[in-house]
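For clarity, every value in this text was computed on a predicted model and none was experimentally measured.
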Amino acid sequence: VIQPDQSVVSIQTDSDGLVTTQTAHRNAVAIAAGWDHLLVLHTDGTVSGKLIGTPREHHNQHIVPVGLTSVVAISCGEWMSYALRSDGTVVAWGRNDQDQVMPGNYLTGIMSVHGGRHHALFLGEGGRVQHIGSKANNDADTYPRVRTDIKRLHSADIRAIAITTDNRVVDVFDDKVLEISKDIDIVDVVATRGGYALQYKNGRVVILNRYSMYLDDEDPVYTDPIFLSGISSMYANGDVLVCVGFDGRVYSLSSSDQGGFDPIPLDLPIELRVQPWSTLTQVPEDYDADACHEANTLALRLSVIKQTNTYMHAPHKPTF
């Protein structure tokens with residue numbers, strides 16, 4: 001969490017409950033996390049990195065290249081790091097066993113970077129998407145190397161979702177475009193390993209489970225939606241989805257191996273609540289923070305009940 005004084009606080013849960021740690025990072029404007037490393041973008045355009053927890057693998061993903069400056073955005077893959085500079089070029093470092101790093105250093109005209117499990121996607125001028133990585137595991141053609149007419153993009157783990165220039169929300173995981181929804185009020189999308197989240201400008205969020213990895217059907221099934229309200233912004237990495245409320249409350253969810261999302265308890269003290277700020281969403285006039293929180297908590301509890309009761313599944317492709 002980035003605090004108002006631009007310091008960074010690390011938050012995690014363990015057997016003792018919620019644990020918060022004041023890090024040494026200062027003057028932070030953005031943070032990104034991989035499997036076991038953290039990147040911090042500072043106000044002066046520099047980047048710092050750190051290993052977190054007990055690293056499973058060490059590929060120098062936390063060691064920032066010497067002389068890296070003028071950075072405007074950062075992203076992490078599992079064991080890779082990506083930095084977007086103000087001139088539209090990308091600098092990449094870390095694990096490179098599937099070509100997920102080296103080609104990135106030759107990209108130009110890039111507007112956003114999105115690291116995944118063994119790949120990265122880059123959104124460039126004119127809505128053009130480029131892909132690097134995933135050389136093995138039959139993933140080489142999973143993500144199109146070139147895709148156009150995209151205005152917003154997110155990729156995490158093995159998933160990718162986008163909003164097109166004609167306001168379609170599309171699943172771009174397979175070598176085809178699968179439309180999930182079409183609505184001009186959908187302003188942001190994020191992907192996790194097990195599903196997607198759609199953000200509306202009024203603070204509504206629809207979280208969809210993507211069940212194709214558990215079925216023989218070639219096409220995915222989007223089912224058991226979770227509806228949240230009063231959400232300012234969303235973040236996702238790997239199988240974890242984080243939604244931040246207008247009042248700074250944080251809702252954290254993790255996709256399970258059996259499909260569906262399980263809430264992760266994360267009741268932040270008031271002094272550590274995330275500063276709600278977004279240019280994409282607008283606080284409704286009738287917004288009630290406590291009522292939204294009560295409804296969101298109920299929706300998350302119900303989602304867990306649905307996962308264990310097959311009669312409550314809604315196995316169809318919804319349009320919202």
Are the side chains of [Y] and [X] in contact, using a 4.5 Å heavy-atom criterion?
X	Y	answer
N167	K151	yes
R85	L68	yes
Y200	I231	no
T108	E125	no
I132	Q130	no
P263	V304	yes
R95	Q100	yes
N209	F261	yes

Interatomic spacing from [atom1] in [X] to [atom2] in [Y] - rounded to 0.5 Å:
X	Y	atom1	atom2	answer
L241	R193	CG	CZ	15.0 Å
D286	C292	CG	SG	8.5 Å
L300	I226	CG	CD1	6.0 Å
S81	I74	OG	CD1	8.5 Å
Y196	M234	OH	CE	13.0 Å
D183	K201	CG	NZ	9.0 Å

Checklist entry - Under the salt bridge (Lys or Arg N to Asp or Glu O under 4.0 Å) rule, what pairs show up with a residue in residues 68-83, not counting sequence neighbours? => result E78-R117
Checklist entry - Would K50 and H62 count as a side-chain contact (heavy atoms from CB on, under 4.5 Å) if you check the C-alpha gap in whole Å, the side-chain angles of each, and the deciding distance to 0.1 Å? => result CA-CA 5 Å; K50 179 183 179 181; H62 65 297; 5.6 Å; no
Of all heavy-atom pairs between [X] and [Y], which one has the smallest distance, and what is that distance?
X	Y	result
W93	Q61	NE1-O, 3.0 Å
L38	A32	CD1-O, 3.3 Å
F122	L107	CD1-CD1, 3.2 Å
S232	T281	O-OG1, 2.9 Å
L228	C243	CD1-SG, 4.1 Å
G238	A156	N-CB, 3.9 Å

Is it true that [X] and [Y] fall in one hydrophobic cluster, defined by side-chain heavy atoms closer than 4.5 Å?
X	Y	answer
I186	F227	yes
I63	M80	no
M111	V129	no

Checklist entry - Crowded around E294 CD? As in, over 12 foreign heavy atoms under 6.0 Å? => result no
With no hydrogens and no angle check, is any side-chain donor or acceptor of [X] less than 3.5 Å from a backbone partner on [Y]?
X	Y	result
H114	G116	no
N96	V101	yes
H154	V189	no
H58	N60	yes
S75	G115	yes

Next on the checklist: Assess whether a salt bridge exists between D157 and R159, defined as any Lys/Arg side-chain N lying under 4.0 Å from an Asp/Glu carboxylate O.
Outcome noted: no
Item to check | CA sep, side-chain torsions, deciding dist, call: I150, L123, side-chain contact (heavy atoms from CB on, under 4.5 Å) | outcome: CA-CA 8 Å; I150 300 296; L123 179 59; 4.0 Å; yes
Checklist entry - Hey, mind stepping through T297 and R301 against side-chain contact (heavy atoms from CB on, under 4.5 Å) and telling me if it holds? => result CA-CA 6 Å; T297 301; R301 289 175 180 169; 3.6 Å; yes
Next on the checklist: Show, in sequence, the C-alpha distance, side-chain angles and deciding distance for D185 and N202, and conclude whether the side-chain contact (heavy atoms from CB on, under 4.5 Å) test is met.
Outcome noted: CA-CA 8 Å; D185 289 331; N202 66 352; over 6 Å; no
Checklist entry - How are the rings of Y251 and H293 set relative to one another: parallel (under 30°), tilted (30 to 60°) or perpendicular (over 60°)? => result tilted
Checklist entry - With clusters built from Ile, Leu, Val, Met, Phe, Trp and Tyr whose side-chain heavy atoms come within less than 4.5 Å, directly or transitively, what are the remaining members of the cluster of W35, listed by chain and number? => result W79
Checklist entry - Transitive ILVMFWY cluster of L280 at side-chain heavy atoms under 4.5 Å: who else is in it? => result V187
